[in-house]
Protein chains: 2
Amino acid sequence: MNFDIAIERLKSEGFKRTPSREAILRLLEREDRYLSAGDVRKALADEHPKMSQDTVYRNLSSFSEMKILEETELGGERKFRMHCNRHGHHHHFICMECGRTEELDVCPMEQVSRELPSFVIDDHKFEVYGQCPDCRTAG
Amino acid sequence: MNFDIAIERLKSEGFKRTPSREAILRLLEREDRYLSAGDVRKALADEHPKMSQDTVYRNLSSFSEMKILEETELGGERKFRMHCNRHGHHHHFICMECGRTEELDVCPMEQVSRELPSFVIDDHKFEVYGQCPDCRTAG
DNA sequence: TGAGTAAATCGTAGTCATTCCGAATTGGAA
DNA sequence: TTCCAATTCGGAATGACTACGATTTACTCA
Ligand SMILES: [Mn+2]
Ligand SMILES: [Mn+2]
Ligand SMILES: [Zn+2]
Ligand SMILES: [Zn+2]
């Protein structure tokens with residue numbers, strides 16, 4: 001997903017286009033990795049020093065709900081990234097050093113459904129953590 | 001894992017056997033599901049009204065480090081359960097209503113390793129969330 | 001069995017991410 | 001341009017978790 005598609009989605013859901021929202025979306029498009037609310041505030045400190053934390057948290061949550069962003073919980077923090085272009089369901093490798101993510105092709109849920117026929121399955125989380133090639137070389 | 005094995009592990013790691021630790025371990029053995037530090041405090045409020053939160057948090061963390069407990073992060077909270085008897089690596093289904101867990105046989109990591117040969121893989125998380133048969137019937 | 005001691009606990013204050021709220025501002029419809 | 005619901009702001013409140021000095025206690029060893 002890119003900035004323009006995100007803005008379209010925003011409008012189609014009845015949300016207003018504001019400078020705060022533009023700045024947050026442009027940042028996430030540029031960074032292309034998981035950022036916390038704190039990361040977003042720091043990154044926008046120069047450009048938008050008056051943006052309140054309420055605004056950051058509220059918009060990140062809204063964007064996540066309307067599927068503009070992907071969200072995860074990592075190290076006791078909620079983190080957000082622009083939704084991948086990839087078509088359909090997928091999971092991520094996440095580099096614990098630089099935050100770079102890599103999309104994964106595998107999802108084990110078909111097998112789990114067969115394994116638990118009497119359970120209602122609502123959601124699942126699959127994430128792989130480690131060091132990306134760049135950070136390995138640099139280290 | 002049960003209480004007695006846990007106490008053995010405790011001793012073998014050089015930790016002391018205290019009433020607080022006994023109470024926490026007995027509770028987790030009995031409950032057999034993920035509990036937060038707050039859950040533990042509430043459950044022990046009658047029996048041990050003076051147990052401080054420091055004691056609960058510190059011991060849950062210690063038990064997790066020495067592999068007596070399994071740990072996850074769910075809804076912004078750390079949660080702990082007595083380590084399963086099952087031999088070796090596994091993952092869980094977790095009922096979002098009652099907290100009941102079900103061990104899963106599938107782990108997709110062999111495939112991921114093949115998919116990411118140039119990445120260092122340190123850890124992974126796979127969890128399935130939903131409603132267990134009992135809660136589905138009751139609902 | 002009775003000190004001695006390091007470990008453990010207690011009580012409380014501090015931290016940090018996140019949420020809440022009332023007042024002020026503003027995007028966009030009419 | 002006017003108007004108002006949506007949005008933002010600033011700051012206080014919440015809740016999980018951590019830190020820490022003072023006190024207690026489980027275990028060691030004489
Ligand atoms: Mn993605
Ligand atoms: Mn288990
Ligand atoms: Zn999946
Ligand atoms: Zn696994």
Side-chain angles (χ1 to χ4, degrees), chain A residues 3 6-27 34-66 68-69 71-81 99, chain B residues 3 6-27 34-66 68-69 71-81 99:
Chain A
F3 177 83
I7 292 289
E8 272 180 42
R9 174 80 52 90
L10 203 64
K11 304 303 276 308
S12 77
E13 301 257 354
F15 287 78
K16 294 181 178 172
R17 176 170 184 162
T18 70
S20 292
R21 288 175 174 158
E22 289 182 2
I24 293 171
L25 289 173
R26 282 200 204 283
L27 171 68
Y34 278 109
L35 298 180
S36 68
D39 294 335
V40 171
R41 292 201 78 195
K42 277 186 218 103
L44 299 179
D46 291 333
E47 198 186 350
H48 295 269
K50 313 297 268 304
M51 191 183 297
S52 79
Q53 42 181 348
D54 181 273
T55 297
V56 175
Y57 280 105
R58 180 171 24 77
N59 283 320
L60 289 174
S61 288
S62 302
F63 296 161
S64 177
E65 274 172 35
M66 66 182 91
I68 289 174
L69 302 182
E71 179 177 356
T72 191
E73 193 179 340
L74 203 48
E77 276 186 323
R78 290 172 77 187
K79 303 212 168 196
F80 304 85
R81 55 161 297 141
Chain B
F3 178 84
I7 292 289
E8 272 178 43
R9 175 80 52 90
L10 204 64
K11 303 305 275 310
S12 78
E13 302 257 354
F15 287 78
K16 294 181 178 172
R17 176 170 184 161
T18 70
S20 293
R21 289 177 172 156
E22 289 180 1
I24 293 171
L25 289 172
R26 282 200 205 285
L27 172 69
Y34 277 111
L35 298 181
S36 67
D39 294 335
V40 171
R41 290 201 79 195
K42 278 187 216 98
L44 298 180
D46 292 332
E47 197 186 350
H48 295 268
K50 312 296 268 305
M51 192 184 296
S52 80
Q53 44 180 345
D54 181 274
T55 297
V56 175
Y57 280 105
R58 179 172 25 77
N59 283 319
L60 289 175
S61 288
S62 301
F63 296 161
S64 177
E65 274 172 36
M66 66 182 90
I68 290 174
L69 302 182
E71 177 176 356
T72 191
E73 193 181 340
L74 203 47
E77 277 186 321
R78 290 171 77 187
K79 303 213 169 197
F80 303 86
R81 55 160 296 143

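We use all heavy atoms of the structure for the numbers below, so side chains are in, but hydrogens, waters and symmetry mates are not. Convention: sequence-line order gives letters A, B, ...; per-chain numbering from 1.
- Looking at which nucleotide of DNA chain C each of B:Arg21 and A:Ala37 is closest to, the 5′-most match is held by B:Arg21.
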Q: Begin from the C-alpha positions of A:Ile24 and A:Met51 and carry the test side-chain contact (heavy atoms from CB on, under 4.5 Å) through to its verdict.
A: CA-CA 10 Å; A:Ile24 293 171; A:Met51 191 183 297; 4.1 Å; yes
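- Considering only side-chain atoms of B:Arg78, the nucleotide from D:dT18, C:dT18, C:dC10 that sits closest is D:dT18.
- Minimum heavy-atom separation, B:Ala37 to B:Val56: O-CG1, 3.8 Å.
- If you take CZ of B:Arg41 and P of C:dT12, they are 12 Å apart, rounded to a whole angstrom.
- Counting only distance, with no hydrogens or angles, the side chain of B:Arg9 and the backbone of B:Phe63 share no donor-acceptor pair below 3.5 Å.
- Within the nucleic acid shown, A:Ser36 has no heavy atom closer than 4.0 Å to any nucleic acid atom.
- Look at NE2 on B:His48: it is 17 Å from P on C:dA8, rounded to the nearest Å.
- For DNA chain C, the residues of residues 50-62 of chain A within the heavy-atom distance limit of 4.0 Å (strictly under) are A:Gln53, A:Asp54, A:Tyr57, sorted by number.
- Axis deviation across the helix from C:dT1-D:dA30 to C:dA30-D:dT1 amounts to 30°, comparing end segments of five pairs, rounded to 10 degrees.
- Rounded to an integer number of Å, the gap from A:Glu13 CD to D:dA5 C1' is 18 Å.
- Nucleotide D:dA26 holds its P atom 13 Å from the CD1 atom of B:Ile7, rounded to whole Å.
- The CZ-C1' distance, from B:Phe15 to C:dT9, rounds to 15 Å in whole Å.
- The interatomic distance linking B:Leu10 (CG) with C:dA7 (P) rounds to 14 Å, in whole Å.
- Rounded to whole Å, atom C1' of D:dG15 lies 15 Å from atom CD of B:Glu73.
- The backbone N or O of B:Arg58 lies less than 3.5 Å from a partner atom in the side chain of B:Ser62, making a donor-acceptor pair.
- Panel note: side chain A:Arg21, backbone A:Asn59; no donor-acceptor pair is recorded below 3.5 Å.
- Atom-to-atom, NZ of B:Lys16 to P of D:dT24 comes out at 15 Å; the value is rounded to the nearest Å.
- At distances below 3.5 Å, at least one donor-acceptor pair connects side-chain atoms of B:Ser61 with backbone N or O atoms of B:Tyr57.
- Between B:Pro19 and A:Lys11, the residue anchored closer to the 5' end of DNA chain C is B:Pro19, taking for each the nucleotide with the nearest heavy atom.
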Q: For B:Tyr34 and B:Thr72, run side-chain contact (heavy atoms from CB on, under 4.5 Å): C-alpha distance rounded to whole Å, both residues' side-chain angles, the deciding distance at 0.1 Å, then the answer.
A: CA-CA 8 Å; B:Tyr34 277 111; B:Thr72 191; 3.7 Å; yes
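- Two residues are said to be in side-chain contact when any heavy atoms from C-beta on lie closer than 4.5 Å; A:Leu27 and A:Leu35 meet this criterion.
- At the heavy-atom level, B:Lys79 lies nowhere under 4.0 Å from the strands shown.
- Taking A:Glu22 as the reference, A:Arg17 meet the salt bridge (charged side-chain N to carboxylate O under 4.0 Å, His left out) condition, with sequence neighbours excluded.
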